[in-house]
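Notes to accompany the following structure.
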Number of protein chains: 2
Amino acid sequence: MPGRPAPNLALVCCTLVGGSLAVLTEDGGDRRQVSLPEMTLRADAALDDAAANFARATLGRAPAWIAQIGAFNETTLTIGYLVLVTVGTDAPAGHRWASYPKQPTGPQAPLLRSALSALRERLDREPVAFRLLPATFTLSELQALYELLLERRLHKASFRRTLMAAHLVEPTDAWRSEGRGRPAQLFRYAPRRRKALPRAVRFESLT
Amino acid sequence: MPGRPAPNLALVCCTLVGGSLAVLTEDGGDRRQVSLPEMTLRADAALDDAAANFARATLGRAPAWIAQIGAFNETTLTIGYLVLVTVGTDAPAGHRWASYPKQPTGPQAPLLRSALSALRERLDREPVAFRLLPATFTLSELQALYELLLERRLHKASFRRTLMAAHLVEPTDAWRSEGRGRPAQLFRYAPRRRKALPRAVRFESLT
DNA sequence: TCAAAAGTGTTTGTTATACACCCATGA
DNA sequence: TCATGGGTGTATAACAAACACTTTTGA
């Protein structure tokens, strides 16, 4: 007699392609719909280890970041993980980078919605932006990424001042010339411990 | 031959007892360790529905709030839910309110840690404080709850001004006299839709 | 030498904090 | 009438936004 269906593990692997958010999709099937990499969870497996191993096996290299986003109802119980991949990484064989769907459809739609909101909510708590970017990057690239994830324009001078005050990045001695215009200095992610000063209470986002 | 062990569903039910955070614990066993209500998840069950039903059955009434906090490794795969219970609700038969452990021990320790951090992280995104309080409350009670959850003192005048500017509460015509001192006006949670004004980018919490 | 993008100093407006004070009640 | 906790107005400080500007490159 058939046993209980085993829980699944699904990966929402995100990166940037051409200035837009992309998600790793398995080849084959309906090209208009995202098909996330999934695996069956072994009964005795440690969740986070299994997810990290599956992500490494799928991508062919260790991901830049991985975090659980929750449990979902699919045809079987599915634990979803958000995986961040450094920009410029090629899609592994049998996969491709699909543009992240604005309004996902299909059984994996809740997973895709949760992953994107988790990405946005963690933006000011975890260094997700710095995991998506390569080791060195320009401040304009960083700002463009924040604007993409926050879905709103940011003011250049304010963005830089706030960033510098947070002591999160340090300049390298390299510059990059990007076509016309003045070359941009490259920075690296180098957070400095500092006393976590108390934030004001925010009621704004409350409904 | 034995089948795969079924996934579990665990509830972290929180309320306030005597000005401190408390968690619902099953009677029996080690009184120095929290024992969360757990149930076996049916193969075809919808997660959120199953959790809501289990919470209602356990508490004897519908909870004020419920939200998934993630999947965990226990002896079996366990999906954890954070459940908020209005202050003053008695513990159901076979259970008691235990003071929320500062440093949880035992197999459910990761669940307890995640539930508390979820509660704190959602404080400025979801109306968790208003779910813990009864329908009407004084602003001092609300501020004390925020201070408890944020673990720091807040300035009275600032707290009220920010709260009023957010149009989250409205005064009732009832007042409560609490021993000596001027009676406090009672308020109710009555959020008014307003244009979500863009928050500044925050790098502070980033490591 | 012009367009384009990087980078910076100054001003302005908003908002949280701090302080001081008044109000209403029980003892 | 005094101590206690509720409630509020005003000043100060911190900071994000906006504006204006300089710098440096490719075409």
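Source: prediction; values computed, not measured. Reminder, nothing fancy here: chain letters follow the sequence lines and each chain counts from 1.
If you check every strand for non-hydrogen atoms under 4.0 Å, E178(A) touches nothing. T138(B) comes within 4.0 angstrom of nothing in the nucleic acid, heavy atoms only. Here A157(B) lies in heavy-atom contact (under 4.0 Å) with a base.
Spacing between atom NZ of K156(A) and atom P of dT22(D) amounts to 14 Å, rounded to whole angstrom units. Protein atom CZ of R153(B) is 17 Å distant from nucleotide atom C1' of dA16(C), rounded to whole Å. For the pair L150(A) CG and dA16(D) P, the interatomic distance rounds to 14 Å; values are reported in whole Å. The separation between Q143(A) atom CD and dA5(C) atom P is 14 Å, rounded to whole Å. Between the CD atom of Q185(A) and the P atom of dT23(D) there is a distance of 17 Å, given to the nearest Å. Atom pair R176(B):CZ and dG26(C):P shows a separation of 15 Å (rounding to whole Å applied). Rounded to a whole Å, the CZ atom of F159(A) is 11 Å from the P atom of dA17(D). Computed from coordinates, the E147(A) CD to dA17(D) P distance equals 12 Å when rounded to whole Å.
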Steps toward ring pair (Phe, Tyr, Trp, His ring centres under 6.0 Å) verdict (F203(A), Y146(B)): CA-CA 11 Å; F203(A) 299 104; Y146(B) 268 89; 5.3 Å; yes

Start with the C-alpha gap between L16(B) and L21(B), add the side-chain angles, then the distance that decides, and say whether side chain to side chain contact (heavy atoms under 4.5 Å, CB included) holds. CA-CA 5 Å; L16(B) 285 180; L21(B) 203 59; 4.2 Å; yes

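Close to dG6(D), at under 4.0 Å from its OP1 or OP2, lies a side-chain N or O of S140(B). The phosphate of dG7(D) (OP1 or OP2) has a side-chain N or O of R160(B) nearer than 4.0 angstrom. Between T162(A) and the phosphate of dA16(D), there is a side-chain N or O to OP1/OP2 separation shorter than 4.0 Å.
For W175(A), whose side chain is taken as the heavy atoms from C-beta onward, the closest listed nucleotide among dT24(D), dT17(C), dG7(C) is dG7(C). Proximity note for A184(B) (side chain, C-beta onward) versus dA16(D), dG6(D), dA6(C): the nearest is dG6(D).
Using a 4.5 Å cut-off on side-chain heavy atoms (C-beta onward), N73(B) and D48(A) make no contact. Counting heavy atoms from C-beta outward, L139(A) and M164(A) have side chains that approach closer than 4.5 Å. Counting heavy atoms from C-beta on, the side chains of T58(B) and L24(B) come closer than 4.5 Å. When side chains are defined from C-beta on, L142(A) counts as touching F130(A), because their heavy atoms get closer than 4.5 Å. Using a 4.5 Å heavy-atom threshold, the side chains of V128(B) and L82(B) count as separate.
In terms of position on DNA chain D, the residue among V201(B) and H155(B) whose nearest nucleotide sits closer to the 5' end is H155(B). Between L154(A) and S177(A), the one whose closest nucleotide on DNA chain D sits nearer the 5' end is L154(A).
Each end of the helix from dT1(C)-dA27(D) to dA27(C)-dT1(D) gets its own axis, taken as the rotation carrying the C1' atoms of four end pairs onto the next four within a five-pair window, and the two axes meet at 0° to the nearest 10 degrees.
Salt bridge status for E126(B) with R131(B): absent, with no side-chain N to carboxylate O gap under 4.0 Å.
Interface remark: the R161(B) side chain does form a donor-acceptor pair with the dT17(C) base, using a distance-only criterion of under 3.5 Å.
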